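Just so you know, these numbers come straight off a predicted model, no measurement behind them.
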Amino acid sequence: MAITLPLSLMTGAEADEAGQDGAHRHPPRDLLLHEQFYSSWHMRDNPVLTCCNNADCYPTEIRRVEGSIYALRREDGKYILIPPQKVERNRDNPDGRNHLCAPPPSASLVDTVYCFALGGAT
């Protein structure tokens with residue numbers, strides 16, 4: 001079940017984010033920066049596990065609904081719920097954007113999130 005939310009439910013900053021063209025792709029200038037960030041990122045709720053790798057992690061758009069964060073999954077364009085225990089709180093992200101580490105929908109029967117970093121200082 002996909003979640004469709006009108007832009008009017010987002011704050012001004014989030015609406016700007018949602019309008020950024022290619023916000024969920026790795027701009028060539030950011031590839032190394034993202035690779036370094038992702039390679040040393042561990043799950044907040046299970047620090048012995050990494051958040052995965054450059055294949056499962058990417059910049060993304062978000063929407064906030066009633067205190068919950070939803071992030072855009074690039075493979076199917078679905079906004080998936082970010083569990084609070086998956087939100088990074090101990091380090092800043094490399095470029096000030098939101099970042100999601102999640103498997104593609106074909107890899108799991110449920111919406112799975114490995115890690116999530118909120119844009120800006122977290």
Do [X] and [Y] come close enough that some side-chain heavy atom pair is under 4.5 Å?
X	Y	answer
D56	P104	yes
L118	I82	no
C115	H42	no
I80	L72	no
P59	N98	no

(message) Quick one: does any side-chain atom of E88 pair with a main-chain N or O of N90 as donor and acceptor, under 3.5 Å?
(response)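 Indeed, once roles are kept as given, a pair shorter than 3.5 Å links the two residues.
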(request) May I ask you to decide if P84's main-chain N or O and R44's side chain share a donor-acceptor pair within less than 3.5 Å? (result)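 Yes, the answer is positive, given that a donor and an acceptor are paired below the 3.5 Å cut-off.
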(request) Using the side chain to side chain contact (heavy atoms under 4.5 Å, CB included) rule, take M43 and K86 through it: C-alpha gap first, then chi angles, then the decisive distance, then the call. (result) CA-CA 7 Å; M43 293 185 189; K86 296 296 185 177; 3.7 Å; yes
(message) Tell me whether R63 forms a cation-pi arrangement with Y79, defined as NZ or CZ under 6.0 Å from the six-membered ring centre and within 45 degrees of its axis.
(response)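 Because its charged atom sits under 6.0 Å from the ring centre and within 45° of the axis, R63 does stack over Y79.
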(message) List the residues meeting salt bridge (Lys or Arg N to Asp or Glu O under 4.0 Å) with R73, not counting sequence neighbours, and say none if there are none.
(response)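 With neighbours one apart ignored, the set is D76, D111.
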(request) Kindly check if C57 and C101 bring their SG atoms closer than 2.5 angstrom. (result)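 Answer is yes: C57 pairs with C101 in a disulfide.
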Quick one: pull up [atom1] in [X] and [atom2] in [Y] and give me the separation to the nearest 0.5 Å.
X	Y	atom1	atom2	result
S39	E35	OG	CD	6.5 Å
C52	L100	SG	CG	11.0 Å
E61	R97	CD	CZ	10.5 Å
I69	I62	CD1	CD1	5.5 Å
T60	Y70	OG1	OH	14.5 Å

(message) For H99 together with F37, are the ring centres under 6.0 Å from each other?
(response)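 Aromatic pair counts; centres sit under 6.0 Å.
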(message) Using the ring-ring contact (aromatic ring centres under 6.0 Å, His included) criterion, which residues pair with Y114? Sequence neighbours excluded.
(response)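 If we apply the ring-ring contact (aromatic ring centres under 6.0 Å, His included) test to Y114, skipping adjacent residues, there are no hits.
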(message) Hydrophobic clustering (ILVMFWY, side-chain heavy atoms < 4.5 Å, transitive) - are W41 and L49 grouped together?
(response)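 The answer is no; the residues belong to distinct hydrophobic clusters.
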(request) Apply side-chain hydrogen bond (donor to acceptor under 3.5 Å, both in side chains) to S108 and list each qualifying residue two or more places apart in sequence or on a separate chain. (result)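 Checked S108 against side-chain hydrogen bond (donor to acceptor under 3.5 Å, both in side chains); matches are T112.
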